[in-house]
Protein chains: 2
Amino acid sequence: MEPFEVPDVVVLRLPLYVRALTQLVAEETEVVSSQQLGRRLQMTPAQIRKDLSYFGRFGKQGRGYSVSFLLKELRRILGLDRQWRACVVGVGRLGRAIINYPGFAPEAFKIVAAFDSNPQQIGNTVGDLQVQGMFALSQTVQERDISIGILAVPAAQAQSVVDQLVESRVRGILNYAPVAPQAPKGTVMMNIDPVLSLQSMTYYLKNLA
Amino acid sequence: MEPFEVPDVVVLRLPLYVRALTQLVAEETEVVSSQQLGRRLQMTPAQIRKDLSYFGRFGKQGRGYSVSFLLKELRRILGLDRQWRACVVGVGRLGRAIINYPGFAPEAFKIVAAFDSNPQQIGNTVGDLQVQGMFALSQTVQERDISIGILAVPAAQAQSVVDQLVESRVRGILNYAPVAPQAPKGTVMMNIDPVLSLQSMTYYLKNLA
DNA sequence: TAATGTGAAAACCTTCACAGCT
DNA sequence: AGCTGTGAAGGTTTTCACATTA
């Protein structure tokens, strides 16, 4: 059972449920109510139930949700029941930190290639990857079945790299560059931008006691 | 002129306007309409005008907005007309990438201290900072007038570090750890979590053509 | 003429409250 | 008795559309 049109905000919350449920599995909790889950995540039970109801009926009235069942279902809904192969473009300090970060693999994301436009970088080893030149992008994306590109290049290069990724049929882009590049419909772009977060944060800090 | 209660979504968008206007200044554009700005940012002109209207009247009918004036006003509204001093906690690969990232300083954020709980790290130099032990947190926060803490520690340590930051009177926390720690009201926490972004992304990728 | 600023309308999202199931 | 799933209510955010002004 899968719906017409789920609000984006709901899709953004599903990974939070996945994370909380994963913890609960580790704690060997077998059943959880929307109330208990809500307490963990600081949200209302009604919101959790409503969010889940977009996708089906996963609970048992009077009892709650089977942790392992709900987790499995949510992972399926999000497409986390398969492995997603990603490449990193840009192997500066940020790119290296990303490649070496151990948090992606357990969550169904495997980084299988690294690229850089700087010829000095080509051939270097990062993690257990050989850095390749941008000219190799298209072919490697195909060969290694890459569907996600992680952008860790300076702002000035971001748009051009996005264009090359799209051209190479990468559909998902996680963008760390401090710009919002344009991409055609059918491409999914998520932006990670700590400066924007800090700049909103100061609005609230300034207006505190 | 400053308002009662501005929606959070609006505050989250203001930095986007700041960024676009900064570009326009660099391009030596003097006047911009909500329509032109909307085209750059992929949003409707009405939304931009409504957002700005929470804070005052910055435009000229028939003409548009003075780029430099609007930029100055927005920076003031966000509190970006002063410098904010931050510390980084955790100097692993991510912490080091953050400290060396050149994108914070031009945007009014200066990283002036680094901490790590690992005694091996204490005394090491990162960027031009000496890594300090956690025991020094409270005193250094006071001495260096630090109001923002940037968390780059493993999930397991995040809550404890947040508690220590709050205890040391740091009011803003930029959290890179893959958990959502609790903090008392009056603390402003922003989370940066690429795994959550990827996990929502796959929902859309999976449901593409 | 051209574009802002803004009430009002529309769309969207969250919360309520309860029927219904276990 | 306890908790889900869900229409309906309530609240928030976006968009519309136009009076107003440079």
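Note on naming: letters A, B, ... go to the chains in the order of the sequence lines (proteins, then strands), and numbering restarts at 1 for each one.
Rounded to an integer number of Å, the gap from NZ of A:K60 to P of D:dT4 is 12 Å. Rounded to a whole Å, the CG atom of B:D51 is 7 Å from the P atom of D:dT14. In this structure, the CE atom of B:M43 is 14 Å from the P atom of D:dC16, given to the nearest Å. The distance from atom CZ of A:R57 to atom P of D:dT4 is 13 Å, rounded to the nearest whole Å.
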* Asked: Can you give one letter per nucleotide of nucleotides 7-13 of chain D, going 5' to 3': B for a protein heavy atom under 4.0 Å from the base, S for sugar-phosphate only, - for none?
  -> BB----S

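Taking for each of A:Q61 and A:V10 the nucleotide of DNA chain C with the nearest heavy atom, the 5'-most of the two is the partner of A:V10. Judged by closest nucleotide on DNA chain D, A:G62 is the one of A:F58 and A:G62 placed further toward the 5' end.
B:D51 and B:Q47 share no donor-acceptor pair across their side chains, judged by distance under 3.5 Å alone. Looking only at atom types and distance, the side chain of B:R49 has a donor-acceptor partner in the side chain of B:S34 under 3.5 Å away. For the residue pair A:E107/B:Q199, the side-chain donor-acceptor check at 3.5 Å is satisfied. B:Q164 and B:S160 share a side-chain donor-acceptor pair at under 3.5 Å. Side-chain contact check for B:Y176 and B:N191: no donor-acceptor pair (N or O, by modelled atom type) lies under 3.5 Å.
Taking CG of B:L71 as the reference point, atom OG of B:S66 lies at 9.5 Å (rounded to 0.5 Å). Atom CG of B:L74 sits about 6.0 Å away from atom CG of B:L21, to the nearest 0.5 Å.
Put simply, chain A comes within 4.0 Å of DNA chain C, heavy atom to any atom, from C:dC13 to C:dT22, going 5' to 3'.
Listed by residue number, there are no residues of residues 18-29 of chain A with a heavy-atom contact under 4.0 Å to DNA chain D.
For B:F58, there are no ring-ring contact (aromatic ring centres under 6.0 Å, His included) partners two or more places apart in sequence or in a different chain. Scanning for ring-ring contact (aromatic ring centres under 6.0 Å, His included) contacts around A:Y101 gives A:F104, with sequence neighbours left out. A:Y17 pairs by the ring-ring contact (aromatic ring centres under 6.0 Å, His included) definition with nothing, not counting sequence neighbours.
Residue contacts for B:R63: at a heavy-atom cut-off of 4.0 Å it reaches the sugar-phosphate backbone alone, with no base atom in range.
Salt-bridge annotation for A:R76 and A:D81: absent, with no side-chain N of the basic residue lying under 4.0 Å from a carboxylate O of the acidic one.
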